[in-house]
Every structure is written in structure tokens, then in C-alpha cells.
Protein chains: 2
Amino acid sequence: MLSLATTPVHSATLGSQLYSPWPSDALSDFLRSAGKLVTYERDEAIYHEGDASHYLFRVQNGAVRICKFRIEGQRQIDAFYLPGDYFGFDMQQQCRFTAEATTTSTLLVADVASFLSPGLKAADFVSAVWKTALRDLHRSQDHSLLLGRNAHVRVLAFLHDIATRLKRTSTIELPMSRQDIADYLGLTIETVSRTLSDLVRDGAIDLPSSRSIAFRSPVKGVQ
Amino acid sequence: MLSLATTPVHSATLGSQLYSPWPSDALSDFLRSAGKLVTYERDEAIYHEGDASHYLFRVQNGAVRICKFRIEGQRQIDAFYLPGDYFGFDMQQQCRFTAEATTTSTLLVADVASFLSPGLKAADFVSAVWKTALRDLHRSQDHSLLLGRNAHVRVLAFLHDIATRLKRTSTIELPMSRQDIADYLGLTIETVSRTLSDLVRDGAIDLPSSRSIAFRSPVKGVQ
DNA sequence: CGTGCAGTTGAGCAAATTCAACGCTTGTGG
DNA sequence: CCACAAGCGTTGAATTTGCTCAACTGCACG
């Protein structure tokens with residue numbers, strides 16, 4: 001059994017106190033030992049919607065999109081995973097999304113079986129797994145909120161989000177295409193392009209090349 | 001220590017096998033014994049964004065919206081919780097949203113402290129808590145995808161979602177206002193109203209009263 | 001019976017999409 | 001090395017979708 005906190009604690013601590021506390025990169029350490037590095041080319045599928053889910057992942061470099069395709073052919077991107085992000089922990093029997101590399105990417109890939117192999121104290125990872133689930137939930141909630149805003153706000157918030165996650169404050173190299181951004185923001189590629197041009201015109205950003213964004217004012221979140 | 005599966009299992013089972021399996025309503029049983037019933041009137045706040053999060057909830061009847069308010073005053077609804085739904089488990093230090101009753105609602109409310117009180121085997125609930133988190137994540141993902149569709153599809157999918165969650169196939173009594181629906185779907189109240197009128201005209205639904213929806217064809221999900 | 005609130009409907013408008021053209025870069029084959 | 005095609009991104013014009021503003025209806029409640 002797991003030991004229990006004896007003082008009244010916050011629900012916040014469900015993930016850190018309630019479950020045995022481990023250094024935050026225990027999961028990374030495990031994946032590094034149990035998994036192997038796999039490189040995916042741009043647009044290469046990592047798994048498909050409906051596949052049985054057998055693997056756990058960590059992005060080492062590059063970027064991954066998880067998306068769905070509608071009968072009419074349109075693609076909707078639910079999330080991007082960037083270097084340092086874990087994914088594959090939230091799945092049940094089947095993959096709910098298709099995962100693809102948006103650019104040449106290296107992933108650490110481990111079989112779920114190894115994660116649950118005898119002798120491994122799976123409970124030690126509960127805290128870390130909980131963290132990834134909560135992080136995904138919060139990102140998804142933020143994404144929903146963002147989709148209620150206009151194109152200008154969506155694009156700017158997207159850029160800021162990517163910058164924050166890449167730990168950059170002044171310039172970023174976008175690891176995805178305009179089409180990827182459009183499908184994530186629920187816009188068309190033309191609207192994304194026009195909005196970026198507007199942002200340059202307004203002096204919010206510079207666009208030294210189509211994949212690099214330079215912020216004129218320091219990066220901060222959108223209300 | 002928790003016992004471990006000795007056969008290779010699915011990541012799907014992280015929530016059911018990895019952690020000690022409990023009847024799915026163990027959480028409900030616990031909340032029933034540790035919590036108390038509280039009734040909230042329509043539009044009454046249950047907690048506010050930024051509050052310290054101290055409680056866990058289960059909707060007994062009525063409905064709850066979790067939402068954010070923008071500086072300009074607009075409200076965005078992230079999710080509705082309907083009878084049988086748990087919430088409050090996903091929170092960290094602070095409440096990320098404001099929770100309000102959309103209609104007179106009764107909730108089972110328990111202090112987090114009681115959940116973590118000495119002698120209670122919190123690990124027994126990990127599976128159930130994990131389930132609520134995954135359910136919230138999947139709903140949020142579906143919500144994001146929905147916001148990429150047009151008004152017609154959004155409204156119809158919303159009605160179908162509510163019907164499914166209320167376990168109804170032919171008619172539902174909406175537990176929220178047009179404004180609530182609009183703020184959830186990222187539309188205006190007028191567009192929701194017009195779309196409902198269109199759906200009646202198209203023969204998809206009947207509207208015996210503004211809060212009750214009768215489906216002409218059996219309820220099924222939207223791709 | 002009047003007032004207020006929720007919902008509906010209409011007319012004009014604005015934002016984003018669609019359709020189309022064009023420029024730039026990259027890769028390929030002569 | 002150049003010519004050319006393909007892919008990606010940008011820009012323009014017309015169209016569509018959903019929004020804004022406004023009026024109006026129905027209903028509940030005093």
C-alpha cells in the first residue's frame with residue numbers, strides 16, 4: 001500500500017504527496033533505459049487512430065501532432081507534443097487520435113509491457129503519469145478556450161504557447177507548417193498567413209523566414 | 001506496494017489493472033459517507049477561479065458549468081457536469097475555472113482532507129480518480145474538435161452529447177439556458193436559437209418547449 | 001395587467017473562408 | 001548550369017457564415 005499523508009492536504013497534492021514522490025524525471029529515466037530512440041520523418045505516422053495502444057513516448061526533438069481526419073477529408077489537430085513532452089499515457093484500448101511527426105523527429109519509445117513488467121514498481125510512476133494527464137487536460141482546456149477567440153488572438157496565443165514550451169523568449173523556429181497551425185487553430189492556412197502578415201505590420205513580430213518568428217515584445221500569455 | 005500485473009497488459013489498463021481494482025462506485029460510496037448534500041440555486045457559484053481548491057464533488061441532480069470570464073466580460077464555458085459526474089479531482093493549488101449551477105442542483109460535496117484522512121486507503125481510489133481525469137481529458141479533446149465545426153454540427157453534436165450522458169434516446173430536458181449553450185459552443189445565443197429553428201425545419205428535432213428537445217431520428221454521435 | 005426575462009426572428013455587417021493567382025524555394029533532370 | 005515542376009506560403013477578390021443590433025413574442029410572476 002502507498003503511505004498516506006497524515007495532515008490535511010490539497011487536492012493539488014494528489015499527484016505529489018498522495019502518491020510516492022519521485023524525482024520528476026524518473027519517468028524519463030525509465031523510458032531511457034526501457035525504451036529506444038526512433039526517428040520519424042516529416043509526416044510519418046507514429047500510430048493511427050483506432051490502433052491498439054502499445055507504446056509510451058517521449059519527444060526528444062522535433063514535434064508530433066495528434067489529429068483526426070473527417071470523412072470530408074479535413075484534418076483537425078488536437079495537440080502538438082514538443083521536446084520533453086510525454087504522450088501515450090492517456091490511452092485506453094484504442095488510440096483516439098493519429099500521431100504523426102510534423103518534422104523529422106526523434107522519440108524515445110517504450111513498450112507498455114516493459115512499463116508494467118514484474119519487478120518494476122509501477123506505483124512509483126503514478127505521480128509522473130498523473131502529471132502528464134493533468135498537463136494534457138489543462139492544455140486541452142486552454143485549447144478549447146482559445147478556439148472561442150478571433151484569428152488574431154488565436155495565432156498570437158499559439159506563438160506564445162510554443163515559445164513558452166520551447167523555453168524561448170525572443171525568437172522561435174516553428175517545428176510545423178502553416179497547414180499544421182491552421183488545423184490546430186481551426187482556421188485556414190490563408191487566414192493564418194494573413195494574420196501573421198498583420199502581426200508583422202502591427203509590429204508585434206518579425207518574420208525573418210516563414211518558419212522563424214521573432215517577438216518584438218517579451219512573450220507572455222493571453223488572458 | 002500495489003500488486004503488479006505479470007502479463008503484458010495494455011496502457012488502457014493503467015487505470016484498472018495497474019492500480020487496485022475497485023467497484024466503479026467506490027468513489028461514490030466514499031463521497032456519500034464523507035460528504036454531504038448541498039443544493040445550489042441557478043447561477044449560484046460553487047467555487048471561483050483562483051480559489052484554493054478544497055472540495056471534491058459529485059453531481060446528484062441538476063447541472064454545473066465550469067467557465068472563465070474574459071476581461072471584456074464574455075464568458076466561455078469549458079464543460080458541463082451532469083448527474084453522476086465527479087469533478088474537482090483535476091485541480092492543483094488553485095481552481096482553474098469558476099463552477100456554477102446552471103439550474104437548481106444538488107451536489108455531494110466532500111472535503112479533500114477527508115479523502116486523505118489517516119486510515120483511508122487513498123490508493124484504492126486511484127483507479128477511480130484516474131478514470132475521471134481521463135474522461136475529462138477525452139471530453140475536452142472532443143470539445144476542441146467540435147469547435148472546429150460549423151454551427152449546425154456543433155449544436156446537433158451538443159444535443160446528442162447531452163442526450164447520451166443523460167441516457168436518453170428520444171427526448172431530453174435541457175438543464176441549461178441558450179446562453180450557456182452558446183458560451184459552451186463558442187456561438188452567440190442568436191445563432192444557437194436560429195440553428196435549433198433550422199433543425200426543427202429540417203425535421204431533425206422537435207421543440208415542444210424551449211428546454212425540451214425531441215429527436216426525430218435515434219441519437220448517435222457525430223464523426 | 002404590466003414588467004422583466006428568455007428566446008426567436010430579421011436586416012445589415014464583419015470576419016473568415018473559398019477560389020484563384022502569384023512568388024519563392026527546393027529538388028530534379030537535361 | 002539552367003529549365004522546369006512541385007510544394008509551400010502569400011496576397012487579392014468574391015462569397016459565406018456567423019455576429020451585432022434591434023425588434024418582437026411568449027411566458028412567469030408580481
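Here the structure is a predicted model, which is why all the values come from computation and not from measurement. By convention in this document, chain letters (A, B, ...) are assigned in the order of the sequence lines, proteins followed by strands, and residues within each chain are numbered from 1.
Residue B:Ser193 is classed as a base contact, given a heavy-atom separation below 4.0 Å to a base. Here A:Leu187 lies in heavy-atom contact (under 4.0 Å) with sugar-phosphate atoms only. Across all strands, A:Thr191 comes closer than 4.0 Å to base atoms (heavy-atom distances). Residue contacts shown for A:Arg154 are absent, as no nucleic acid heavy atom lies under 4.0 Å away.
Note: B:Phe87 and B:Phe57 have parallel aromatic rings, judged against thresholds of 30 and 60 degrees for the angle between ring planes. Using bins of under 30°, 30° to 60° and over 60° for the plane-to-plane angle, the ring pair A:Tyr184/A:His143 lands in the parallel bin. Ring pair B:Phe215/B:His160 is tilted by interplanar angle, where 30° to 60° counts as tilted.
The separation between A:Asp198 atom CG and D:dT10 atom C1' is 12 Å, rounded to whole Å. Rounding to whole angstrom units, CD1 of residue A:Ile189 and C1' of C:dA20 are separated by 14 Å. Following rounding to the nearest Å, B:Leu196 (CG) and C:dT9 (C1') show an atom-to-atom distance of 13 Å. In this structure, A:Asp183 atom CG and D:dG9 atom P are separated by 12 Å, rounded to whole Å. When rounded to the nearest whole Å, the span between CZ of A:Arg211 and C1' of D:dG9 equals 11 Å. B:Gln74 places its CD atom 12 Å from the P atom of D:dC19, with the value rounded to the nearest Å. Between the P atom of C:dT17 and the CZ atom of B:Arg149 lies a distance of 14 Å, rounded to the nearest Å. Rounding to whole angstrom units, CE of residue A:Met176 and P of D:dC8 are separated by 15 Å.
Closest to the side chain of A:Asn150, from the set D:dG18, D:dT20, C:dA16, is C:dA16. Which of D:dG9, D:dT11, D:dG18 sits closest to the side chain of B:Ala151 comes down to D:dG18.
Between B:Ala151 and B:Thr191 the shortest heavy-atom distance is CB-CG2, 3.7 Å.
Annotation: B:Phe125 is in aromatic contact with B:Phe30 [ring centroid separation under 6.0 Å].
A donor and an acceptor atom sit less than 3.5 Å apart, one in the side chain of B:Arg194 and one in the base of C:dG10.
The phosphate of C:dT9 has OP1 or OP2 within less than 4.0 Å of a side-chain N or O from B:Ser197. Of the side-chain N and O atoms in A:Thr188, one or more sit less than 4.0 angstrom from OP1 or OP2 of C:dT17. B:Arg178 has no side-chain polar atom (N or O) that falls below the 4.0 Å cut-off from OP1 or OP2 of C:dT9.
Nucleotides of DNA chain C nearest to B:Arg42 and B:Glu190 differ in position, and the one nearer the 5' end is that of B:Arg42.
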